[in-house]
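Working notes, structure below.
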Amino acid sequence: MTPTNVKTRFAPSPTGRMHLGNLRTALFNALLARSRGGRFLLRLEDTDESRSSGAHAQTLMADLRWMGLHWDEGPEAGGEAGPYHQSERGAVYERYYRALEAADQAYPCFCTERELELSRKAQRAAGKPPRYAGTCAHLTAEERERRRAEGRRPTLRFRVPAEETVVFHDLVRGEQRFPTDEIGDFIIRRADGTAAFFFCNAVDDALMGVSHVLRGEDHLTNTPRQLLLLRALDLPQPEYGHINLITGDDGAPLSKRNGSLSVAELREAGWLPEAVLNYLARLGHHYTGEVESQLLDLQGLADAFRTDALGRAPARFDRHQLSHWQQLAVHRADEATLAPWLERLDDAVPADRRRALLAAVRDNILFPDDLAAWGQRVFGPLPALAPDTEAVIRDAGPAFYEAALAELETTAGDFPALAKAVRKATGAKGRQLFMPLRAALTGLCRGPELGPVYALMPVDIARCRLEQARELAATTP
RNA sequence: GCUCCCAUCGUCUAGCGGUCAGGACGCCGCCCUCUCAAGGCGGAAACCGGGGUUCAAUUCCCCGUGGGAGCGCCA
């Protein structure tokens with residue numbers, strides 16, 4: 001594979017937990033970089049001090065690591081284009097602000113947030129799109145100085161050129177055209193001196209050598225602003241691709257209200273990273289042919305990742321389909337992957353039987369809670385029986401369980417021997433033989449193969465189960 | 001309000017003017033099997049509405065409808 005200059009990035013703001021939407025964005029960027037032998041960069045957009053926190057930043061990075069989305073450049077990984085926290089890059093931005101001001105492509109704006117809010121309100125009331133009215137766009141030096149003397153601290157606004165059209169090719173949606181007269185002058189530096197999103201997001205992509213950006217479609221209409229900035233500063237422009245929206249059950253953008261899960265929640269519930277990534281990769285990207293339904297590792301997903309296979313239509317997050325991938329992932333998982341599930345078993349399950357328990361029920365479970373439930377069924381007390389299970393036990397009759405109990409000692413741990421002995425004593429075979437045993441021993445009419453489960457079950461627990469079944473079989477409903 | 005994006009089975013999608021509109025997941029059935037699952041085989045299931053262009057439209061154009069985005073000193 002030849003080295004390339006492809007570099008993608010994931011640039012979250014550390015203001016909260018990572019959710020499925022940004023996870024998918026991170027994934028697509030990582031896959032694009034890997035598919036072309038490039039690099040995947042992490043940058044933290046934390047210029048909003050009131051909303052950002054170091055704790056959230058640490059959690060974001062831990063989430064990415066847990067998912068296997070390791071970054072090649074960025075915080076804790078190093079690189080030549082740091083710092084990778086935007087809050088630490090004020091000095092980097094300073095020269096670009098000066099350049100824009102010197103060329104009169106940016107100007108100080110003394111309007112207060114209150115004034116701006118009222119202006120937007122008035123424009124909306126008049127049926128017009130809210131846009132900066134240009135109050136400070138043409139102040140004289142004296143006017144600016146007077147405002148400073150009054151104690152006003154200005155923001156810095158970018159002066160959008162008039163009567164032009166910004167054209168760019170979107171990796172997902174093709175050619176896009178935006179007349180600049182639809183774009184008002186926008187803030188690039190806050191009054192407190194910190195960089196605003198439009199500025200630092202674009203400038204950092206250029207300075208960090210980012211070549212491709214896949215991001216949410218909400219940024220499609222922001223792209224002309226950023227391209228104008230990069231052009232004004234004579235900085236390279238990355239190729240942008242605006243990927244499709246993920247929706248919840250109700251068709252609205254996915255959020256906590258309609259089904260989104262945080263990475264923390266996924267982890268807590270026992271979803272495997274491989275399952276989540278295989279599903280998210282197919283939520284907005286199409287995998288063709290045999291790999292369509294195969295569980296792939298990260299590199300496998302990357303190998304088949306193509307920007308021309310990215311979808312435009314919103315895609316609905318479907319927990320059932322995610323479950324399908326969980327099933328495949330659990331089946332394929334090695335012991336190390338499922339080791340945390342053993343740790344969650346309660347004390348009823350002896351430490352030296354846990355791995356055997358997992359092996360016995362593995363084809364039958366999706367989550368650590370399922371494993372724990374089977375641990376209870378094998379080593380602990382049974383929950384109340386369902387009516388269909390009781391019916392099976394009654395149908396078998398007390399004699400059936402009497403026969404099983406008689407053979408219990410001689411067949412301890414050996415289910416085929418138990419089944420053979422009960423068949424011989426009662427004449428029951430096939431379903432009529434196995435189902436009553438299953439119902440009595442596990443309390444269910446379905447589940448994993450009985451042999452390994454019975455082998456694990458302590459003999460006194462098996463006896464107790466069979467005795468309870470014999471009693472129940474003698475009753476009438 | 002203005003501008004922009006989007007619309008194919010229940011869900012994810014293939015399609016880029018002529019296809020019995022294909023695949024996957026889910027669902028149903030059969031095989032395998034003590035049951036559940038896995039695996040194999042099969043089945044049901046979709047082009048938002050109207051108009052136009054064309055010999056021919058899911059596909060190209062227009063309008064509508066529905067969904068969404070941007071127009072923040074959030075990102």
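Just the heavy atoms: all of them, side chains too, but no hydrogens, waters or symmetry mates, feed the values below. In what follows, chains carry the letters A, B, and so on, assigned in the order in which the sequence lines appear, proteins first and then strands, with residues in each chain numbered from 1. The shown structure was predicted, so the numbers you read here are calculated from the model rather than taken from an experiment.
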Interatomic distance, His242(A) NE2 vs C5(B) P [rounded to whole Å]:
12 Å
For Leu283(A) and U13(B), what is the distance between atoms CG and P respectively, to the nearest whole Å?
6 Å
Rounded to the nearest Å, what distance is computed from the CG atom of residue Leu214(A) to the C1' atom of nucleotide A75(B)?
17 Å
Who pairs with U53(B) - Watson-Crick or G-U, where each distance is under 3.5 Å
none
Whole-Å gap separating C1' (C4(B)) and CZ (Arg225(A)):
11 Å
Partner nucleotide of U35(B) by Watson-Crick or wobble geometry (both distances under 3.5 Å)
none
Counting only heavy atoms not in Arg332(A), do more than 12 sit closer than 6.0 Å to its CZ atom?
yes
With a 4.0 Å limit, can you tell me whether Arg120(A) has a side-chain N or O closer than that to the phosphate oxygens OP1/OP2 of C73(B)?
yes
Look through every strand shown and name the nucleotide pairing with A7(B) as Watson-Crick or G-U wobble, where both distances are under 3.5 Å.
U65(B)
Could you tell me whether Arg423(A) atom CZ has more than 12 heavy atoms of other residues or ligands within 6.0 Å of it?
no
Going by atom types only, do Arg215(A) and Thr223(A) share a side-chain donor-acceptor pair under 3.5 Å?
yes
Are Asn244(A) and U13(B) close enough that a side-chain N or O sits under 4.0 Å from OP1 or OP2?
yes
Going by atom types only, do Asp204(A) and Tyr93(A) share a side-chain donor-acceptor pair under 3.5 Å?
yes
Counterpart base for G70(B), defined by Watson-Crick or G-U wobble contacts under 3.5 Å
C2(B)
Among the nucleotides C73(B), U11(B), C34(B), whichever has the atom closest to the side chain of Glu449(A) is C34(B)
Taking A24(B) as the reference, what is the distance to U35(B) when you measure between their C1' atoms (whole Å, please)?
28 Å
Below 4.0 Å: OP1/OP2 of G23(B) and any side-chain N or O of Ser293(A):
no
Given atom NE2 of His320(A) and atom C1' of G26(B), what is their separation to the nearest angstrom?
8 Å
